[in-house]
Peer 1: 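My questions all concern the structure below.
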Amino acid sequence: MNVDRTCLLCRLKMNPRQIFQQHLAPTSFAPIGIHITRAEGATLWDAEGKEYIDLIGGISVANMGHRHPKVVAAIREQSEAYLHVMVYGEVLQSPQLHYAEMLAKQLPPGLDCVYFTNSGAEAVEGAIKLARRLSGRPNILAAHKSYHGSTTGALALLGDEYWRQAFRPLMPGILHHEYNTQAFLNAIDRHTAAVIIETVQAEAGVREPTQEWMTALREKCNDTGTLLILDEIQCGFGRTGKLWGFQHFGIVPDVVLLGKALGGGLPLGAFISSQKNMAALAENPVLGHISTFGGNPLCCAAGKAAFEALLEENGTLAVSKKEALFHQYLQHPSIKNVRSKGLLIAMELENDQEVLATLHRALKLGVFSDWFLFAPNCIRIAPPLNISETEIQKACQVLKECLG
Ligand code: PLP
């Protein structure tokens, strides 16, 4: 089929930039602002036909590349059958059933009951409710420099006062301590319903905990009857070189949170625990968490196809080799440090000005990247896991050329 790939608005002689500015609510006054018309693998194209190497994959979403053929085929097939038919939890829908079963098979025992949501933030909200409902305790402990989403509950967990202060009063009962410290462990007691952390902190500029700390955290949660919730929304699905980030540390959470790559490019989140735990949301009150679109059949079909592609094509296998390539190529006097866990990489520069200038120049030269919320002196590199070695080399070359 001969598809006209030029932008519809341009063909209609409308000004897309003007519409973007007038009719789409902004999140900042400095958006990246390029006009995407096509995406495939690790490549994006804009309305002028300019090509970009995508170093962020929609922020850890397109782990198997944009528009993986299996995902596109699954979406097509499901759209021929049915789209939304009923709210989550009431009727049997094959894409949900198959995907939940598949996730349960790939997760450790005890993480076999999936609640599908619309987004990562909604998965976080569901997990907070689950923890309070199960324990009857008030407190949730989160880490400084953590990001768990932008809804009001998730915002209360966010570990940076700048982003919280304008929205008070926030959900009470949230305590924050420094990730990977004894003080954090000491703060867990019999009033703590749950601890929630990112297994590897992403927005902090890629920070991983020590093995000892993770072991001690698991033990302290066991001793105090506290639920351990690991947010794998950004570091799941092979991003860190193992299917799940917690596999690096040999521990198993009580609840795991998934999102981003979970939907294969469509919106989907999930909080996952044991059948016994999850049953608490079905009584006293019944309908303890409800969602119209959670587990939308099209999103589950797309996500399942992307997960199958990740497993069949051994998407995680080459992650550490590609991680090493980034370290090898990103050698330059202006690069202060390269921190990474798999293909979640922070390239540290002198300051945030240097980061913004480099991102801007790189965009002009066809490399698409971004920054981190709590590490403004770092450039975010989290490409599709199946980015080619040639693309890595080329993108790194461009980034170095762009350094001040
Ligand atoms: N948790 C982590 C670690 C994230 O990185 C994000 C999003 O960036 C979220 C939760 C929230 O996910 P969503 O944007 O789908 O609500």
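In listed order, ligands and their atoms are each counted from 1.
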Peer 1: Of all residues at least two apart in sequence or in a different chain, which pass the salt bridge (charged side-chain N to carboxylate O under 4.0 Å, His left out) check with R133?
Peer 2: none
Peer 1: Provide the closest heavy-atom pair for A42 versus E391 in the form atom of the first, atom of the second, distance.
Peer 2: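 For A42 and E391, the tightest heavy-atom pair comes out as CB-OE1, 3.9 Å.
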Peer 1: Rounded to the nearest 0.5 Å, how far does CD1 of I56 lie from CG of D370?
Peer 2: 4.5 Å
Peer 1: Where does ligand 1 get N/O contacts under 3.5 Å from the protein, atom by atom?
Peer 2:
residue  : atom   : partner : partner atom : Å
ligand 1 : 1 (N)  : Y147    : O            : 3.4
ligand 1 : 1 (N)  : D231    : OD1          : 3.4
ligand 1 : 1 (N)  : D231    : OD2          : 2.7
ligand 1 : 5 (O)  : Q234    : NE2          : 2.6
ligand 1 : 8 (O)  : K260    : NZ           : 3.0
ligand 1 : 15 (O) : G120    : N            : 2.9
ligand 1 : 16 (O) : A121    : N            : 2.8

Peer 1: Hey, which of R339, K341, Q201 is the one that makes side chain to side chain donor-acceptor pair (under 3.5 Å) with E208?
Peer 2: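 Answer after filtering R339, K341, Q201: K341.
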Peer 1: Show me the donor-acceptor pairs within less than 3.5 Å that the side chains of residues 269-289 make with the rest of the protein, sequence neighbours left out.
Peer 2:
residue : atom : partner : partner atom : Å
S273    : OG   : D254    : O            : 2.7
S273    : OG   : N277    : ND2          : 3.0
S274    : OG   : N277    : N            : 3.1
S274    : OG   : N277    : ND2          : 3.4
H289    : ND1  : K129    : NZ           : 3.0
H289    : NE2  : E122    : OE2          : 2.9

Peer 1: Under the rule for salt bridge (charged side-chain N to carboxylate O under 4.0 Å, His left out), what residues qualify as partners of E51, not counting sequence neighbours?
Peer 2: none
